[in-house]
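Only one structure is covered here, and it is reproduced in the block below.
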Amino acid sequence: MRGFKTMVKNSGIASVFGLAAVVSLAGCSADPEFIGLCDSYPGVPEEGGITAGMVYIEAGEFQIGNDHGFRDPESGRFQRFPEEAGARLVESEGFWIDRHEVTNAQFKRFVDATGYVTVAERKPLPEWFPAGYPQDELVPGSAVFNPSDVFQSTSQAPAWWRFVEGASWRQPEGPGSDLSGRMNHPVVHVTFADAQAYASWAGKRLPSEAQWEYAAKAGIEVAEGAWEKAYYRDGEWVANTWQGTFPDRNEAADGYAGTAPVGCFPPNPWGLYDAIGNVWELVSSDYSQDHRKVPTGDFDPSDYSKAGVIKGGSFLCASNYCMRYRPVSRHAQDRTIGSSHIGFRTIYIPKGSVTGQRK
């Protein structure tokens, strides 16, 4: 949250933030025989032990990163992403991973059981802001996309985000909004510390960037040129991303103008729903400029001096702006603030397993 409200006032948020109000437009898969989770899913897996609602990822080797750039299949736009550079081989032992993002229903169970209060629901710490920041403006809240502020060019600093007092996982758009009809949507407005707290309570952890990317790629490497099929296939949208010109025209051709219930689109070959689109997902790794400078060691959640990594893109990733609806996509994220398009999923590693090694 360091300086976030100041940046909002100055229209200087150098980030991929973006969110529209949640509107369902009868979203559906391109596969008429696909039966997923979606509207009929209550948001909580059936009982079955600690791995209920998870899929097992076999041990293996894969290439993390991308040195080739990406051409969007729908718009034809080509772009290189420097933060993805330094592709290298990584070995990973097997692990369990949530088949979908943690939902509001799951997070509510955690809060009901523990009384946990999220960062967005607490008064911010003064040290998160520049010296001299007005004390009366240190109020609980979170970052919410404001469609009325989208009239400037995307080549300028984004002005479509506002810090909304009272916005939280319970009130995604701020006071007056609630979770009605959204218990099976991914929880949002959670910070790194919130996600860590949930994972610890559940006996799990957040995936590292390598673990997340390995599971999301599901054996598809850059040379195969098939990543675009993760969100756009045979002329149909198969993931919750932005259609139209971001940020002022959301056509919602995939059926959703905001978050979607988890599992409304086909899973990847390894059984993960919404690894692409819907909401960005927090991982445990520290951010670095590219994969040639990957930090080592676990992040101390009490140390807010470092940025974390978010993966997978969100429903706001568009072909004219973000284009990060791919497994290799990565972006820095301030660990002290959440937003209405960032969530997470967890992994479970049996004791004695090795979580991943550089090769």
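As the structure is a computational prediction, the values presented were derived from the model and not from experiment.
In this structure, Tyr214 and Phe95 have tilted ring planes: the angle between them lies in the 30° to 60° band. Taking the six-membered ring for Trp and thresholds of 30 and 60 degrees, Trp201 and Tyr198 have ring planes inclined between 30 and 60 degrees apart. Ring geometry, Trp161 versus His341: the interplanar angle falls from 30° to 60°, so the pair is classed tilted.
At distances below 3.5 Å, at least one donor-acceptor pair connects side-chain atoms of His189 with backbone N or O atoms of Pro172. For Asp194 (side chain) and Thr191 (main-chain N/O), a donor-acceptor pair under 3.5 Å exists by modelled atom type. At distances below 3.5 Å, at least one donor-acceptor pair connects side-chain atoms of Asp67 with backbone N or O atoms of Gly86. In this structure, Gln171 contributes its side chain and Gly166 its backbone to a donor-acceptor pair below 3.5 Å. Judged by distance alone, the side chain of Glu61 and the main-chain N or O of Leu89 form no donor-acceptor pair under 3.5 Å. In this structure, the side chain of Asp274 does not engage the main chain of His100 through any donor-acceptor pair within 3.5 Å. With hydrogens and angles disregarded, no donor-acceptor distance shorter than 3.5 Å links the side chain of Asn278 to the backbone of Asn240. Listed for the Lys311 side chain is no donor-acceptor partner under 3.5 Å among the backbone atoms of Leu282.
Side-chain contact between Ile97 and Gln211 is absent, with no heavy atoms from C-beta onward closer than 4.5 Å. Within the 4.5 Å cutoff, side-chain heavy atoms of Asp286 are placed close to those of Arg335. When side chains are defined from C-beta on, Trp169 counts as touching Lys108, because their heavy atoms get closer than 4.5 Å. Here the side chains of Val328 and Lys217 are in contact, with some heavy-atom distance below 4.5 Å. With contacts defined as side-chain heavy-atom distances shorter than 4.5 Å, the pair Phe315/Tyr256 does not qualify. Side-chain atoms of Ile337 and Phe163, non-hydrogen and from C-beta on, do get closer than 4.5 Å to each other.
Salt bridge annotation for Arg330-Glu83: absent, with no cationic side-chain nitrogen under 4.0 angstrom from a carboxylate oxygen. Between Arg88 and Asp290, none of the side-chain N atoms (NZ, or NE/NH1/NH2) sits under 4.0 Å from a carboxylate O, so this pair counts as no salt bridge.
Glu281 and Trp212 are linked by a side-chain donor-acceptor pair at a separation below 3.5 angstrom, with hydrogens and angles left out of the test.
Applying the salt bridge (Lys or Arg N to Asp or Glu O under 4.0 Å) test to Asp98 and every residue at least two apart in sequence or in another chain returns Lys204.
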Identify each donor-acceptor pair in which a side-chain atom of residues 48-57 lies under 3.5 Å from a protein atom, sequence neighbours left out, and give them as a table.
none

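Residues Leu179 and Val117 do not share a hydrophobic cluster, defined by chaining ILVMFWY side chains whose heavy atoms lie under 4.5 Å apart.
Of all the heavy atoms in Ile276 and Arg326, the pair that sits closest is CD1-C, 3.5 Å. Contact record, Phe192 with Ser284: CE1-CA, 3.9 Å, taken as the closest heavy-atom pair.
Here the straight-line distance linking atom CG of Leu37 with atom CG of Asn184 works out to 9.0 Å at 0.5 Å rounding.
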